[in-house]
Amino acid sequence: IDKIGKSSLGVAMLSAIIILGLGQVRRKGKRREMTMYVSSAAERVRAAVRAQDPARYHCALFAPAPARAGLFAMIGFHHELANALSRSSEPMLARIRLTWWREALDEIAEGRPRRHDMVEALAAGLDGPLIDAPLRAMIDAREAEIEAPPPADLAAYRAGVAATAETLAAAMLDHLRVTDPVARAAACRAATAFGMVGRLGAFAHHAARGENILPANLLAAEGIAVADGCKGPGLSAVGRAVLDAAEAELTAAGGFGRAGRPVGLLAVLAARHIKRLRAVAGDPLDPRAHAPDPWAIWALSWRAWRVR
């Protein structure tokens, strides 16, 4: 075999190794799909977080590279706990699922994590002290949501969002070693504002299930009832009141510093979502307000570059 033949053979072998190692090509009609195989639990969790929560995923990319795996694990854990409630038809089932996670944290602390992608990612990506208090606080916050009544007013709405959003934010800030109280408070407020707007955006999903997640007093003032699917001409007014409260959180947030960027940059995304909702008069049922935002990553990059 001549030199060209050897080179061609080498390229062919390398191509075969790449295809066999990373995935396989399948033909679907006239489309070709590459199915990617990810070998580690941490990478699978990272891929899941990118799909489930692109906003927090992209903010986490502004953390130092060694810290990112832990951040992705905590964001994924946040969603696992939310799923424990949303996928349970009975309160007792939700509590059983949360107990499973408490026991999983016990086993991580004992050095024998369960064979589960999220558990393995938490064990590998986080320091020992983070396993105990912050992650258990996240479980406690979700448990408090079980059988909780709809928020009575804006203060209760804000408190309900903050209970889960800020426990995740605090855990992430602990992992990033952010100790400045001003920066921590600012980043947590940004996370709360992001959560308040996000919950407003999820209103349509919950209303279709006969659930109310918005302030009951505001809905009542506009004559909107859960029995009617939480629809009515006054819904936009309720949405605008929530947006006003979220903007107040952003105004009070202040500076979160460079170390707090992976959490504090949620303020950028919250502000952009607020702007889109304002453009449709605050109506949470208008799909235009929740369309993909292709410029979000550029806005994040610009703000991250300016933070000192």
Side-chain angles (χ1 to χ4, degrees), residues 42-43 45-82 118 121-122 125-126 130 134-135 138 141 161-162 164-180 182-202 246-247 249-277 290-308:
E43 284 301 316
V45 167
R46 175 187 174 123
V49 167
R50 184 173 186 175
Q52 295 173 348
D53 196 341
R56 287 189 176 92
Y57 172 85
H58 285 117
C59 289
L61 293 178
F62 291 96
R68 290 175 196 158
L71 296 179
F72 296 142
M74 281 186 279
I75 296 169
F77 183 62
H78 171 78
H79 284 278
E80 288 282 355
L81 298 179
M118 184 58 61
L122 288 170
L126 301 177
L130 277 171
L135 299 188
M138 291 170 65
V161 171
T164 54
E166 292 192 10
T167 49
L168 170 60
M172 294 173 69
L173 293 168
D174 286 346
H175 181 61
L176 293 166
R177 303 293 191 268
V178 178
T179 57
D180 177 37
V182 174
R184 288 181 67 92
C188 285
R189 279 187 175 271
T192 295
F194 176 78
M196 292 174 71
V197 182
R199 186 164 293 190
L200 178 62
E247 283 189 324
E249 287 293 318
L250 293 179
T251 301
F256 44 80
R258 290 184 66 83
R261 290 183 304 177
V263 178
L265 285 174
L266 289 173
V268 176
L269 302 180
R272 293 180 69 83
H273 200 175
I274 289 172
K275 184 177 180 179
R276 296 201 303 277
L277 279 160
H290 314 299
D293 184 359
W295 295 102
I297 189 65
W298 298 104
L300 284 176
S301 300
W302 175 248
R303 178 67 182 276
W305 180 75
R306 295 178 62 196
V307 171
R308 293 291 181 265

Which distance, rounded to the nearest 0.5 Å, do you find between the [atom1] of [X] and the [atom2] of [Y]?
X	Y	atom1	atom2	result
Glu247	Met196	CD	CE	10.5 Å
Gln52	His78	CD	NE2	10.0 Å
Leu300	Leu61	CG	CG	9.5 Å
Phe72	Asp53	CZ	CG	11.0 Å

Closest non-hydrogen atom pair, [X] against [Y]:
X	Y	value
Ala270	Val197	O-CG2, 4.4 Å
Gly255	Ala186	O-CB, 3.4 Å
Ala121	Val45	CB-CG2, 3.7 Å
Cys188	Ala169	SG-CB, 4.1 Å
Ala190	Gly264	CB-O, 3.6 Å
Phe194	Ala55	CZ-CB, 3.5 Å

**OP:** State whether the side chain of His79 and the backbone N or O of Val49 hold a donor-acceptor pair below 3.5 Å, judged by distance alone.
**Re:** no

Original post:
Does Arg261 reach the main-chain N or O of Cys59 with its side chain, forming a donor-acceptor pair under 3.5 Å?
Top reply: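 Pair absent, no side-chain N/O of Arg261 close to backbone of Cys59.
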
Side chain to side chain, [X] and [Y], heavy atoms closer than 4.5 Å:
X	Y	answer
Val263	Arg56	no
Pro262	Leu176	yes
Phe256	Val182	no
Leu81	Thr164	no
Asp174	Thr179	no

**OP:** For residues 57-74, pull every pair meeting side chain to side chain donor-acceptor pair (under 3.5 Å), keeping only residues two or more places apart or in separate chains.
**Re:**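 For residues 57-74: Arg46-Tyr57.
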
Original post:
Passes side-chain contact (heavy atoms from CB on, under 4.5 Å), Ile75 versus Met172? Steps please.
Top reply: CA-CA 9 Å; Ile75 296 169; Met172 294 173 69; 4.1 Å; yes

Subject >> Flag for Glu249-Thr192: side-chain donor and acceptor within less than 3.5 Å >> reply: no

Subject >> Worked verdict on Leu71 versus His175 for side-chain contact (heavy atoms from CB on, under 4.5 Å) >> reply: CA-CA 8 Å; Leu71 296 179; His175 181 61; 3.8 Å; yes

Original post:
Taking only residues at least two apart or on different chains, which pairs with a member in residues 290-302 satisfy salt bridge (Lys or Arg N to Asp or Glu O under 4.0 Å)?
Top reply: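 Only Arg272-Asp293, Arg276-Asp293 qualify under salt bridge (Lys or Arg N to Asp or Glu O under 4.0 Å).
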
